[in-house]
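Step one of this worksheet: look at the structure below.
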Amino acid sequence: QVQLVESGGGLVQAGDSLRLSCAASGRTFNNYAMGWFRQAPGKERELVAAISGSGERTFYADSAKGRFTITRDNAKNTVFLQMNSLKHEDTAVYCCATTSGVTIRTISSSYDYWGQGTQVTVSS
């Protein structure tokens with residue numbers, strides 16, 4: 001049974017930083033690419049960042065480039081999302097997800113396991 005558990009969300013002010021964590025269990029972690037998605041009320045879910053199984057390759061949505069950094073610690077089965085210079089429009093539920101392969105995927109249907117999500121609220 002694959003489990004993904006996010007943590008690190010919260011209420012911050014615009015300009016602040018947050019670091020999200022996603023602890024994974026149930027599969028050989030470094031064999032699978034991971035992604036961070038977010039969904040704001042009334043909006044579609046979007047991929048924010050993704051990282052390959054080895055951690056050597058990353059992908060960022062335009063909204064995240066220059067502000068967010070995705071990393072992973074395969075020894076600890078954990079993926080992180082460092083978010084800096086947060087904006088009000090970053091307010092959303094953030095979920096981590098794992099794909100069925102090592103390469104980065106940008107389509108949500110390519111991800112087969114999802115966490116419950118953690119709320120990030122940025123006050124303006």
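Just so you know, residue 1 is the first one in the sequence shown, and it goes up from there.
The six-membered or imidazole ring of Phe37 lies near that of Trp114, with a centre-to-centre distance under 6.0 Å.
Both Val48 and Val122 belong to a common hydrophobic cluster when Ile, Leu, Val, Met, Phe, Trp and Tyr are linked at side-chain heavy-atom distances under 4.5 angstrom. Hydrophobic clustering places Ile51 together with Phe29 (ILVMFWY residues linked when any side-chain heavy atoms are closer than 4.5 Å, directly or through intermediates). Clustering ILVMFWY residues whenever any of their side-chain heavy atoms sit less than 4.5 angstrom apart, transitively, puts Tyr113 in a cluster other than the one holding Ile104. Hydrophobic clustering (ILVMFWY, side-chain heavy atoms < 4.5 Å, transitive): Leu4 and Val102 are in distinct clusters. Residues Phe80 and Leu18 fall into different hydrophobic clusters, defined by Ile, Leu, Val, Met, Phe, Trp and Tyr side chains chained together at heavy-atom separations under 4.5 Å.
Sorted by first and then second residue, the pairs that involve residues 60-70 and meet salt bridge (charged side-chain N to carboxylate O under 4.0 Å, His left out), not counting sequence neighbours, are Asp62-Lys65, Arg67-Asp90.
Atom CD of Gln13 is separated from atom OG of Ser124 by 10.0 Å, given to the nearest 0.5 angstrom. One finds the SG atom of Cys22 at 9.5 Å from the CZ atom of Arg72 (value rounded to the nearest 0.5 Å). Taking OG of Ser54 as the reference point, atom CG of Asn31 lies at 11.0 Å (rounded to 0.5 Å). Atom-to-atom distance recorded for Ser100:OG and Arg27:CZ is 7.5 Å, nearest 0.5 angstrom. Expressed to the nearest 0.5 Å, how far CZ of Phe68 lies from OG of Ser85 amounts to 9.0 Å.
A donor-acceptor pair under 3.5 Å links the side-chain atoms of Tyr60 to the main chain of Ile70, judged by distance alone. Under a 3.5 Å cut-off, the side chain of Asn74 and the backbone N or O of Gly53 do form a donor-acceptor pair. No donor-acceptor pair closer than 3.5 Å links the side chain of His88 to the backbone N or O of Ser123. Checking side-chain atoms of Arg105 against main-chain N and O of Ala50 turns up no donor-acceptor pair under 3.5 Å. Judged by distance alone, the side chain of Gln116 and the main-chain N or O of Glu6 form no donor-acceptor pair under 3.5 Å.
Heavy-atom minimum distance, Gly117 versus Cys95: CA-SG, 3.5 Å.
With respect to Thr121, the side chain to side chain contact (heavy atoms under 4.5 Å, CB included) criterion is satisfied by exactly one of Val12, Leu86, Thr91, Val93: Thr91. Between Leu20 and the choices Gln82, Arg38, Met83, the side chain to side chain contact (heavy atoms under 4.5 Å, CB included) rule is met once, by Met83.
At least one side-chain heavy atom of Glu46 sits under 4.5 Å from a side-chain heavy atom of Ser63. Looking at Leu47 and Phe59, their side chains come closer than 4.5 Å, going by heavy atoms from C-beta outward.
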